[in-house]
Structures are given as structure tokens and as C-alpha cells.
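Residue numbers begin at 1 in each chain, while the letters A, B, ... track the order of the sequences.
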Amino acid sequence: MSGADMPRAAEEREVADTAPVARIPLQRFGATYWIALSASAAGVVLLGVTVATLLRFGTGVWGTNVPHVWGFDLINYVWWIGIANAASLLAVVLVLRRHGLRTAVNRFAEAAALAAVVAAGLYPILHLGRPWLFFWVFPYPATYQVWPQFRSTLIWDFWGITAHVLVTGLFWYIGLIPDLATMRDRAARQGRLVVARLYGVFALGWRGSVCHWSRHQAAYRLVAALLLPLLLAAQTVVALEFATTLVPDWHQARLPLHVVVTGLPSGLGLVLALAAMLRRTLGLHAFIDAGDMDLLSRLTAAASLASLWIYAEGLLFGLVLEDAVAREAMLVRVTGTYAAYYWAGLLLTAILPQLLWSRRIGLSTATAVPLGLCAAAGAWFDRYSIVVAGIERTNLPVARPLYVPSDAEWMLLLGTGGLFVLLLLLFARLVPVVSMYETRHEEAESEAA
Amino acid sequence: MTQPAGMIAEFADAEEMLAALRAARKAGWRRLDAYAPYPVPEAAELLAVRGWPVAAITVAAGLAGAVLQYGTQYYLNVVDYPINVGGRPLHAWPVFLPATYIVAVLWAAIAALVGMLVLNRLPRLHHPVFAAPGFDRASEDRFFLCLFVDEPGFDAAHAEHLLRGFDALRISPVPAA
Amino acid sequence: MSGSHPGRREILRLSAASLALAAAGCDEPTEFGQPLYAPPRGEVQDAATYATVLDLQGLGRGMLVRTRAGHAVKVDGNALHPASLGATDVFAEAAVLSLHDPARARRLREGGWTRAPAALDATLAAARAELAARNGAGLHVVTGPIASPTTARLLATLLAAWPGARWQQYDPLAEDAALAGAELAFGTPVATWPDLARAQVVLALGADPLGPGPAQLHLARNWALARAEGRGRGVLPSLIVAEASPTLSGAKADRHILLHPREIEPFGRAVAAALGVPGLQGAASHPEAEAVAAALRRAGPAAVMLAGRAEAPGLHALAHAVNAALGSEVVHHAAPALARPAPMGPAALRPLVQAMANGAATHVLLLGVNPVYDVPAELGFAPALARVPFSLHAGLYPDETARLCTWQVPLSHELESWGDSRAFDGTAAIRQPATRPLVGAARTVDELLAALLGAEERALPLVQATWREAWGAAFEEGWRAALEAGVIPGSAAPRLHLPLRPGWDPGPARQSQAGLVAVFTPDPCTLDGRFAENAWLQELPRPLTKIAWGNAVLLAPSTAAEYGMSAGDEVVIERAGRRVLAPVWPVPWHAPGCITLPLGGGRIASTEVGLGRGLDAQILRDPDTPWTGEHVTMAPTGRHARVIASQLERDFDGPAAARIVAPGEGFAPPAPAPSLYPDWKYEGHAWGMAIDLDTCIGCNACVVACQSENNIPVVGPEQMAMGRRMHWLRVDIYRHGVSAIFQPVPCMHCEKAPCEVVCPVNATVHDHEGLNVMVYPRCIGTRTCSNNCPYKVRRFNWYDYARDETPVKVRNPDVPIRPRGVMEKCTYCQHRIAAARSEARMEDRPIRDGEVETACQRACPTRAIVFGDVNDPDTAVARAKRAERNYALLGELDTRPRTTYLARVQAGR
Amino acid sequence: MPQIFSPRADGRFRLTLLLLVAGLLGAALLAYALARSDRAWAIGQPAPQPIPFSHALHAGNIGLDCRYCHAQVERSGNAGMPSAALCLGCHQQVWMGASILAPLHDSIELGDPIAWASVHRLPGHARFHHGVHVQAGVDCATCHGAVQTMPRTVKVHSMSMGWCLECHRAAAAMVPTANRAPDELGPLGLWHGGVELPPLTRCSTCHR
């Protein structure tokens, strides 16, 4: 029996080196990071103040009225959900297709989805007239023995958003477990025992057993497979909240498809912008390579093309083929008081991102980031057009007071934006931004092939 | 020196580790485990571990969630407190389905994580192999095969002998916990 | 927040005004509707109803006041009273708010200092002594129009005692020209009104029989009766209205002729000429005159011609002559109900202003009038009043006049005081208090006059004295009967049949032929500004303009286009060197080439409710021709001013919403739409409503009745402008040629209610009688139901409109107030249904048809709203819904509304 | 490489997870119990009253009928409270000088009602009609308990909506058939899709 304690050195590196990724959370961050973090934290404080004001004075602080009972609350909600959906969808499809791009973008696409869905999840509660009673949509045994009304699209949405947050979180976390183990081991090697234990607790004692891997992969792909239809369902349910009403411009079978498809460039654009920024600021060129960036920009451009088709189809159906009332409603939406929002949405989500077909534009941070963010902003304009301009033509020619968003609503948007950025910054600081085990795995597989 | 929990061999390469694993299985070794920084399905196959039980748990939980949600909706809106809502029937099954479906997915997804953890006997923060020298690289770039020696007829020397036959970077005993 | 936030404090103050209750001003902390608080003595009375009478322009409308635990809750019409016939107008409905207004004058003041009540008596005694010495010379009493027998008796006593004293009636809305016209035609001032129930053809020249006024309820009811009878026969009575400024009558006209104010008299003369009226001095011609004359001639005794208050006396005389020539049995003449039928318009105040200015008037009593605001500026009333050594003002509010008087006396509200009154037809009624006085220091006009005379000074004995004199031994019996019925039977003035004077026609009035003409009209909600402090009336969208919380210069769209202006553009209007700034508001029913300046705006009122709120037309008014202003100029300033309107002109077209049929025509019953689901069966009662668009005159009484009954909060101008009104019932207006269709829209109580399905928490559901109920405590405020309501009848509590910092007090304790963040809407007065159900159950019988009346239905002067059980084929509502012209609003959506509409009927379609 | 976690860490970690889940469940159970506790509904808690009136004395010992004081209970929505004059009808003879009865005299003097504090107050959005319930044969004690044994009046039932529903769902069993209203007689409720809807549980029965 000989204790062969001294290892024999391996001749060459057999496994892809993911150390640059693992090093990021364990290193010091510069002033820029802290400034960004403070700014986004200030946004969250603003959100807190806005929410406190809202709770104190009521929904009257918004610019909403009858018939515009929904304003920024639903616009922002649908927008954030769209971003979350598209980002999640990308991650899920990449996992299910075992696509090479997954190593590069999955982790932060999932993180962005999670942050967006958290930001979105605030709105269904805050938009209520009495937000503190939001739990009444949950069937719990109350002393008054009244139950939720399960035929409501809002109940679907309650479960939808709950499931969306939880399953997106699960998907992200399951993928994160092995990487947390890597972080644990690296921290331990550096002698940072507290950090190691923290990572260790969240890694749940992952030790890389091939048996564990087998079940882990099964679970990961199962959740991905479950998430795919859930995303479509959740987004559809949100759209159904509009489509099942009797509002002429909303009561359209094509609305769910429109919402799903125009959501895609917003999420993909955001992922593209994040990829470009992470790549540049964290020096991850090796992990998010030019090929990844190119693929991602072309995906965004493709989603944008799909949106263009959806817009064209909407115009064709809405202005030509539908019945008179729906035609008039559509006409009002594209030419009425809020027409600018419609066309801004069309321009920003469906036309400008077409530039990303160009490799040069897609690969340059200076162009990819603004174009990606434009696509995301465009979806916001589109949601504005749907939520506000969609009811400019109601069934009866009743009073149509203007909807003018109030300061409180702008602050709410800013606040959830701050929350989103804060969550992403914390993510970049605390966990590996690229899936390390997938990188290794993919490299090993490509070598084998 | 107390009896170690097992002998562990470190490899730079999955193929080496697989070869050793195959040999150990052939030698009738039953208490053994392999560790890798990424999934190595062949190794799991050799250890006769499949992913489908996770899928089974997931599907079962999803079905249970669906039944529970549909049942809840039916019971509460049709039986316990039936109310005429907008002239729709009490048992308006088409509109009960979306939530049923979504909740089924929620249950299934949670069950996938929980089932995976339970089948893997996780969380387990402390495990003897963690004490093996150089095991920290199992999560980065090394492959390990550990032969446990807590069964009669399988001892450390036997294990070391078996492992010696392969291109291990290092063979060390795993300290007993 | 800065956008909407400043409004909040205002809201709180406004709702304080509109929701503060009886208790405000009382000493005791009586909580409203608190079932545990029994009166110290006697039987507990939950609810009681008192018959009383409310005055408008001095003429009474008999009302029933419902009280709860001693507090006046709601005003309903008294079916026995000829000026109500069971209905109410907006002013009567809103009286209960004025009664409870914490901003009412509460203290007796002398020069701004609060005085004890005894101080007034002492002062009046001193004045009495001083005046008695000179036979009353120097005393001027100014009152509104007086029809009250008691007030008239007291004034007569005063004038008899002091021949030197002067009594002047003053009413900014006085119809002096009608009196003068009657003098021309008959040599005596008679009151004239049409018996519209018998009319086949009515020609109204600038007259507005269906519009607000002391006889509105009577006239509107009879018009509706004639119309119902005509629909049955298939020959509709014809209302022909020739006017410049739009009125409710014009909106309901079967033939609406838009005429420039200068064309109205010539048109009348042309019609008279075509009819060959004898004694006509100057004829004129008009292309439509011949056809109109032919219609009048055909109807003969069933025809009538009416002239409006803005027309010259000659035209009134001409109307009398035409009616005489036609042998009209529709027109009704009687001795005026007013104690002294004499001119009482602004010009009648000239002698008083002179006397005040030259010091001849030493004691001026201004009782229940506000001339400092509502006398045309040209007359110089305010500066003259300031020179009077002793001036006393009695008013409900510390208004503009009060501020200039040496003594300010709070006036008792009609709902808390004794008195009497006569209706337009002379029918007398006793006013009894429905609640104990809420303002301790307040006095009635009668009490003040009595105090001046040194006589008995409480109101009750004063009124009793009047009627004891009239009834003698039968007093006790008569008094009790009068209080119970709310009307004194047989007291109406007898119908007079007067011969026409031969020289009735003074010839065509002299009219200038150039320049813009301004028409002055009373505001449909605040009249001449007297109701400007009433938040319900301020927030009520005016019937034809839909403007709330203010007014604007009304004109024809073509006139606006001529000036290159659109709605809301500000103009400066100038006449005789005086100018006002105001936004313009094009109205499709307006005659081109002239403008309308509504009265009642721009008040320097004592409360935020009435302060400002539009232009003050009194500045431009000519006291001698108070209803038309010649030589007016209008120039755009280039600025834009905010006008708060609940419906814009661009939304006046809705052919599918407000439908029209020819007589006898109807709609095919809608084919049942294919449905995935079986229908629910409603056994037992199934409540439903039918609203007749043919008889709805858009008077808004239903809206205020609903507000009063259901504790609907006032939201204030800021919130109103944002589109957050709370009225459960709104009246939409639709353009139809040159006339209009009013469509009251409450909750439709759809059987397939789209709102209910989307509520996640079962907060809005159906009950087994088909009501779409809203469960406020369960509502979490997703507002999805409002989104899914195609009729947009749901209202949301964006702020805590109904509450104040002070403990919440409810006016109608049967209806809960709604907290912030919940949806609310019309309930079909569900609390009344429940009360009837409890009543019926205890008496072990079914609910009878008509036992449940919704507040809007009860208020409606034309009974356009019918409510009841649609399952029972014998109910009025079931009969109405069987009519062929019954249709569902937005029926194509297949929401199966329980509220349906009966289409407007129009001949020649 | 040294172990990061000691062997006992696993136990602790799993215990923590277990406690977390148990804590959540426990909190839910606690909330469930508290929402139904007597304290939450003020059961058994007398309210401060201007006069320490004892139902035990008046209704129990003396044996006054409920309707002697609550005269409207059979006809009206409110049960009706005795006027001060009614109280003094007896108390002019009995206990007339007692200082605790001073509020009665004050009430007569000032014309103000006596400000009793409500023990059974329902929220504003609920409608309750005493007359209908009494005429349907519901005994006073069904809701108010054995008032004749209470020296100080207290609530014995929660008067929560769920509590109301308990009777309204089982009205058929509780109310003698003869007393039932016509629309509840035939098919006691409304049938839809094979499901019975008792009309007494519709929202508009109790909510306004």
C-alpha cells in the first residue's frame, strides 16, 4: 500500500479552462461597478418610495381613468414579461437543442429572464386598487368562505406569473448547482472558508458524481422542456387578459401571437446587449466568442423580422380583413392620439434591429448594445400602444379622456428598471456569468466529435 | 493507520477514468463512484444510473398537480360555493384548463429538482471524498474514480491494485469520515 | 405625482362638503343610521316620509322627503302635487346636499362679527321704531318672486302699516316679457301654460317647456303622455321648436328650426300671417312658415304656440293671438300664482339702485336674493348698496351680497323650515320641516318679516295663522290633511277664458341688423348661479354641452369655423365696454351667427365648489334686454382654456347606440347567438329595466337621484377632467340631424356579464334574480371588469372619494360607502329590492309590480324608466320590453343586458 | 484537501431546511387558528357601556321578554333599542336614585339618545333584517346565545360571513317548512347543471 500523495502532472490540459469565469466572482470589482450598483440601488429606493406613495394615496396617483383603467402598470408588466419570456425561451431552446451557443449565453439569459420576471411580478400586485389583499386570488380557507373565481383570466395569470417566477428560478438554479460547487472549491483552495461555505451551502454538496450528473441532466432538461410551454402559456395568458375582453381592438385571436412574437426581439435584444457588455467589461471574449455574438445578433434580427411580419399581418387583418368595428379600432390605434407609440414600436422592434443582419454591426459593442436596447424599448412602445391606444375606440362612443402617465408611473418604471439592473449586477458579482460545466462539456463533446 | 473509506484515483481525462471504471465493474466492484467536471453519460451507464426516475417523478408530480388544481377549482367553484358568474356554467371546463396546466408544470418543475436531489441523496455537504487530495479539481478539470472498501472482500490494497493498472495522475486513500 | 396629486386635497375638501352630514353644525354626535341609538322618548322611527314643498323661482314643487333617524336622506316627488306628479328635477334632488352643506351660512353677523340672535331682534326693533316714525319711508324689501300666501300676507301687512315702504321682487330669470305680452293681449297679467297632454302640434318660439323651471315636471309629464298616446295611435304629436340657443325642448323637437335670434319674431309673424291672424300689424315671411302654419291649422284646437322668455312682449302677444285664432284648447290661462305679478327682472331694480345711490333708501332688506352677483354690472347695484346705512341680507350661503351688507342672516333651508307655497298653477301647499334645524341661527323670510313687524316670530304659527284665516273652523282638519298630502286640494287657480284685446300687436320690435348677438340662458344646472354652491349640480354634465364644473361660450360649429376656432379656444367677448374671457364650445344644435352665454358662472362664491367655475355673463348683460345682447364682439385670444366635459362633440354620433324608428316600426327580436354554454334559468323574480329614448328629455334628474340615493361621491373638477367621474348613471347624447337623442346609461345587468367572468375573486357576480351585483368588500381593484364592460358603466375609487379624515357619515344609511381601490356601479337600487323582499316575506306575499322603484325611475318626470320583474308578463317592464321598438344596446355582443332601450320614434323615416 | 463542512453540518443543514418548511406550515396554521379565535371576533368580550345593564337580571331573573325592550324585532330590520323613557317606566319606581342610571335622566333632559356600544355590530356592507329571521322561526338565542345568563352582554358567535353561511346553507333544515318564503319552497334552491344553488347564499341576500 503506497500513499501516492504527490500527483503526477498531466502532460496537457484535457478539459477546457473555465478559470477566467470562476475567477470573476472571487475578484475585486472596480469603481464603475460600485457606481452602477449604487445607481441601480438608488432606483430600488425610488421604487420603494413610489410604492409607499402608491399605498398611502391609492391608484389615483396614476394618470389612469375610465376607460383607461390600466396604464403603466399593465404596460410595464406585459413588457417585462415579454423580455423574460424571450430570454428564457432562448435559454430553453438552446438547452433542449444542445446548441453550442448555450455555453455562452444561457446563464445570463436565464438571469436576465429571472430579473425581468421579478420586475414584472411586482406589477400585478401593485396595480391593484387594494394591493394588500392580493392573496385573495389564492384559494386559502378564509373565515368568509369565499373562493377565487377560477374562470378569470387573471387567475390564470396569477398562477402563470407564480409558476413563471418559480420555474425560471428553478431552471437557473439547477444549472447553477455544479458551477456553485466549482466556486466552492476554488474559494476553499484560496483559503476563503466563509465564501467557500456560502457557495457550498447553495451547491448542496455537489461532488460531481457521474450518477448525480446523469440525474441532474435529466432534471435540467426536464425543467427546460417544462419551461418551454409554460413560457408560451404565460405570455399567452397575459395576452388573453386583453384578447378575452370585448374591447374591439383587443378582442382578436391574433393578439396572443402578436404579444409573443413582438416580445422576442425585446428579450433577445436585451440578451444581445448584455452579452456585448459582459464580453467587453469582464473580458469574456473566449467564452462569448465572435461566432456566438454573430449568431445572437442574427437571432435578434430574425426575431425582428418575425415581428415585422406580425405587424404587417396585423395591419393587413386589422385594416382590411376584419369587421368594421375592429377595422375602425385598428385605424384609430395606428392613426389616432397615440399613433406615435404604434409606429415607434414598429420602428424599434421590427425595423431597426434588421441592421443586425450585418456581421460588422452585430459584433461591435457600440452598435449591438444600442440596437439591442432599442428592440427592448420598441416592445415597450408596442405595449403602450396595445394597452392605451387599444381602447381609444371602445364599443360605445363614450368619453375618452386622455391617458397621460403621471410622475408616479414614470418613477415606477424607473424603479423596476433599477431593480432589474441591480439584480443583474448582483448576479454578475456573485455567480459565474457563463455556465462553466456546459463550456467544459461542450468542448469535450466537440473534441469527441 | 485506520482503514480508509476507499481508494480514489485522479485522471486528467474522461477516457482514462472510464477505462478504470469499466475494469472495476468487471472486477465486480459494487461500491464505487466516478466524479467528473461535466456529465459523462457513459460512466453513469456503467454505474447503471438512468435519468428516467427523475422524469417519472416529474410526470407523476405534474399529474398530481393537475388533478389537485382541477379538483380544487371544481370543488370550490362548483360544489362548495357555486355562484352564477356572468351566466357561464359552474363547471366551465375549458376555462379551468389553463390554470390546471400551469400548476401542473409548476409541480413538475419543483418535483424535478426535489426528485433529482432526493435520488442523488443531496444535499450532502460533508462527504468522505471531499477529503481526498486534489478532489477540489473534480469540479474543474479532473476526473476521479473512487472504490469504496466498506464491504467485506473489497479492501484498499485490492482497490489500489486495480487502479494502478490505469493512467491515473494520483491514487490516494479516501480518509474515513 | 405632481400631475394628479394637487387635486387630492381639493377632493377631500369637496367630499367633505358633499358627504358631511346633518351632524355638521349640530351639537350632538348623533351617528347616522346607528341602530343602537334610540330616541329618548317615544316610538323608534326608522324611516319616515314628510310631504313638503320646494320653491323654484318662487313657485312650489311638492316633494316627499325621506328621513332616516331624523335626518333628511332623499327627496322624491309628490304624485299628488301638480308641479311634481311624482317626479323630481335636479334642483329638488340636490336640495338635500345644500341642506347638509357645512359651508352654509351658520352665524348671524354684523359687519363680519358674529352676533347673538337677540342682537338681530334688538336691531330690527330699533329699525322698526325709526321707520315707524316716517311711515316706513326709506325701507326697501327685496325678495325673490313671492307666491307664498304667508309671505305675501306679511308683506301686505308691512306695506299697509308703512305706506312709505317699498317691496320689490327680483328674479334674474324673470319672465317679464310674458307678463307684458299678456297685458298687451288681454289687458291683465295672466299666467299661461300649455296643457301638453292634449296638444297635437306645439310651436315653441324660443320657448323651452321641457326645460328647467317651476312647471317643468308637469309639462314634461304631459308631453310624454301625449307622446305615448300618439305612439299608440300611430300619429305622433308634433313639437316644433324654433330657437337660436339649444334647449331640451329643441333637442326633443320633431321639427327643430334653427333661427338667429333676430329671425324668431319675423318667423312668428310669418306663421301668424300664414294663419291669417286678425290684428297683425307687421307681417314677415319665412320659407318654413307656411308648412308650420299648415300643421297648426290642421291641429286647430289641439295646437298651441308658445313664446320664450327672451322674446319681445309683442311676440308673446302674437302667440296669444295665434292661439286665440286657432281656438286652442291646449293653452291654459289662469290668475298668476305670484302675489304681485309685476316686472321683477334686472330693470325693475332701477328705482331701488337710484334710491340707494341718492340716499333715499336707508333700510334695505335683501331676502333670499343675491343681486350683487346676479344684477347686470351695468346697473351698478353693488356700489349703490355700499352706501346704504342699514342693509340686511338673508341667504343660504354667505354670498357676494352678504359680504356687502351690514347684517348677514343665515336663511333656513326649505327642508328644515315651515312655510307655504303655491305652484305654477296656484295650487298651495304647506312646507314642513323634514329634519330639525341644522343651523340654529337660521331664520325664514317669514320670520324676518314678522320680526320687523314686531309680531309673532316663529314660522309655524305664522303659517298656521294664514291658513286659520282661510279655513276658519275647518283649520285643524285641513291642516292635517294638507301636511299629509303635501298639497291643498282645490287651491289651483281657476282656468280663465279671456278675450283678446283688439290692439294687441305693438308691431314688430325694433331690432338692429348688424353685429354679433349674444343669447343669455340660464345654466341647466346652476340656473343664474343660485345653485353654484351645490357640488352635485356643478359636477353634473349639462344636458346638451356635457360641460361640468363651469360653462363656456356656446356657438354653432359653423360659427366657430368662421372664427377659426375649435372647442376650448379662448375668446374675449365685449359689450358696452365690458369684457369677459371664456373658452368657446361648439354645439351642433346651435343657430349660426350668434353665441350663447350661460348665466351662473364666475361667482365669487364663499366655497370652493362655486368659486369661479366659468364665465360671468352678468357682466355683459343689458338690464333692459336681459336675454339678448346686441353689438357684441368676439375675438380669439389665441390661448386655450380647460373645459371639463364628459362627452365631446366628436362622440355625438352613435347611430347604433341610440336608435330611431318610424311610428309602428320595430326591430326583429335578435336571433340567439350560438353559445358554448347553456343559459341560466331565472325562476322567481328577474329584475329588468326599460328606458324609453322617445320620452327621455335628458333633464338629468335620474343622475342626481342616483347620486343622492347611492351616496355617490363628488370627485371635483380635477378628477372629473381626468375622466374619473363617479356617476353610476350617465346620460349620453347623440346627434340626430338637428335634434338630439338622450340615452341614460346605467349598468345593463347583462345576463352574460362580461365583467363578472374576468374578476379573479368573485367580487362581481350574479344573483339568482339576475342582478349583476358588486361585492365591494371583496373587490381588490384589478379594474379588469371595467375594461371588459362594453358600456363603460363601472366606476373606480381611484382615491378615497367617499371618506374624509373625520368619521365617515353616510347620507343614505341603506347604501354602504365604498372605500378606496374598489369598483362600484349601478345596483338597480338593490337595497330597495332587498327591503321590498324582506317586507314581502314578512307579510308572506310576493313582491308586487311597482313595489320596487329605482331612484332614477322614481325621479323621471316623463316616466321613461320602467323597472320590475321581467319574468312576470303583466308587469310594466315586461310590457315595455314586448314593444317592437325595444332593443339591447350593443346587442351584437350578446351580453343579454337586462336594461334595454325603446327606440326614439320619429315620423317620416 | 480538508473538508469544508464537518460531518455534523449535514444534519444541521437538513434540520434547518426542515425547520424552514415546518415554520412556514406552522405560520399558516397559526394564522388559520388566529383568524378563527374568539379574540379576533371579540367573542366573550363585553363592550364598555354607559350603563352597566345586565341581561341576566332583566331577562333572566325578572324574566322580561326580549320584545319588551327590543320591540321592533319582529317587524323591522333593526331589533330596536328601548327609549330612555321606557327604561324609566320601571326605574321611576325601582332603583330610581341610582347613580348608574344617570345617563337615562341625562338622555331625557338633553334629548340625546343613550350611546350604547354595539356588541354585535355588522360591517356597513352587510345587511341584516331581524324581522325576517324572527319570522322565519330563528330563535334569538341562535345568534345571540343565552343572553338571559349574561351579566354583561357579550358575543357568543363570531358573526363572520362563514358563520352566517353555515345557517344559510342549511336553511332548509333550520327553518320550519311552514315559515319558508314561497321562492324557497318548491325546489329549495336553483338548479343549474345538476348543481343546487340555495338562494340564501347569493351575495345580494346579505350584501348591499
Exercise. Could you tell me the separation between the NE2 atom of A:H212 and the OH atom of B:Y35, rounded to the nearest 0.5 Å?
Key: 7.5 Å

Quiz item: Do A:W147 and B:N77 meet the criterion of a side-chain donor-acceptor pair at a distance under 3.5 Å?
Solution: no

Quiz item: About how many Å separate CZ of A:R215 and CG of B:L119, when rounded to the nearest 0.5 Å?
Solution: 5.0 Å

Self-check item: A:L222 versus chain B, the contacting section by heavy-atom distance below 4.5 Å
Solution: side chain

Self-check item: Close approach to chain A in residues 107-114 of chain B, criterion heavy atom under 4.5 Å
Solution: B:A108, B:A109, B:I110, B:A112, B:L113

Self-check item: Residue, of A:M436, A:H216, A:H164, A:R221, that accumulates the most heavy atom pairs under 4.5 Å with chain B
Solution: A:H216

Quiz item: Contact part of B:E15 toward chain A, heavy-atom cut-off under 4.5 Å: side chain, backbone, both or neither?
Solution: neither

Quiz item: Taking atom CG of B:L90 and atom CZ of A:R151, what is their separation to the nearest 0.5 Å?
Solution: 6.0 Å

Exercise. Output the distance between atom CG (B:L106) and atom CG (A:L226), rounded to the nearest 0.5 Å.
Key: 10.0 Å

Quiz item: For atom CZ of B:R25, is the number of surrounding heavy atoms from other residues, nucleotides or ligands below 6.0 Å larger than 12?
Solution: yes

Exercise. Among the options A:P139, A:A203, A:S152, A:P229, pick out the one with the most heavy-atom pairs lying under 4.5 Å from chain B.
Key: A:P229

Self-check item: Which of A:L230, A:V167, A:V223 touches chain B most, by non-hydrogen pairs under 4.5 Å
Solution: A:L230

Self-check item: Proximity breakdown for B:Y101 and chain A, heavy-atom pairs closer than 4.5 Å
Solution: side chain

Quiz prompt | Carboxylate-amine/guanidinium contact B:E140 A:R186, below 4.0 Å | solution = yes

Quiz item: For chain A, which of B:I102, B:V129, B:T100 has the most heavy-atom pairs under 4.5 Å?
Solution: B:I102

Quiz item: With chain A, which of B:H161, B:Q73, B:R124 has the greatest number of heavy-atom pairs at distances under 4.5 Å?
Solution: B:Q73

Quiz item: What distance do A:T18 atom OG1 and B:D141 atom CG have between them, rounded to the nearest 0.5 Å?
Solution: 7.5 Å

Exercise. Give the minimum heavy-atom separation between B:F135 and A:R207, together with the two atoms involved.
Key: CZ-O, 3.6 Å

Exercise. State, to 0.1 Å, how close A:G205 and B:L122 come at their nearest heavy-atom pair, and which atoms those are.
Key: O-CD2, 3.6 Å

Quiz item: Looking at B:T58, B:L76, B:D33, which has the largest count of heavy-atom pairs under 4.5 Å with chain A?
Solution: B:L76

Exercise. Examine whether an atom of A:Q145 lies under 4.5 Å from a heavy atom of chain B, and if so say whether it belongs to the side chain, the backbone or both; otherwise answer neither.
Key: backbone

Quiz item: Which heavy-atom pair separates A:W159 from B:A99 by the least distance, and what is that distance?
Solution: CD1-CB, 3.9 Å

Quiz item: At what distance, to the nearest 0.5 angstrom, does CD1 of A:I174 lie from CE of B:M116?
Solution: 5.5 Å

Quiz item: Are there residues of residues 40-53 of chain B that reach to under 4.5 Å of chain A by heavy atoms, and which ones?
Solution: B:V40, B:A43, B:A44, B:L47, B:V49, B:R50, B:G51

Quiz prompt | chain B contacts, top residue of A:P148, A:P178, A:A225, A:A219 (heavy-atom pairs, under 4.5 Å) | solution = A:A219

Quiz prompt | Over all atoms of both residues, closest heavy-atom pair of B:Y38 and A:A444 | solution = OH-CB, 3.0 Å

Practice problem: Give, as side chain, backbone, both or neither, the part of A:R197 having an atom under 4.5 angstrom from any heavy atom of chain B. | Solution: neither

Quiz item: Which answer fits A:Q217, side chain, backbone, both or neither, if we ask what part of it has an atom under 4.5 Å from a heavy atom of chain B?
Solution: side chain

Quiz prompt | B:V103 portion near chain A, given a 4.5 angstrom heavy-atom threshold | solution = side chain

Self-check item: Under 4.5 Å from a heavy atom of chain B, the part of A:L240 involved
Solution: neither

Quiz item: Which atom pair, heavy atoms only, marks the closest approach of A:C211 to B:N120?
Solution: O-OD1, 4.0 Å

Self-check item: A:Y173 atom OH, neighbour heavy-atom count above 12 within 6.0 Å
Solution: yes

Exercise. Could you check if a side-chain atom of A:V210 sits within less than 4.5 angstrom of a side-chain atom of B:P39, using non-hydrogen atoms only?
Key: no

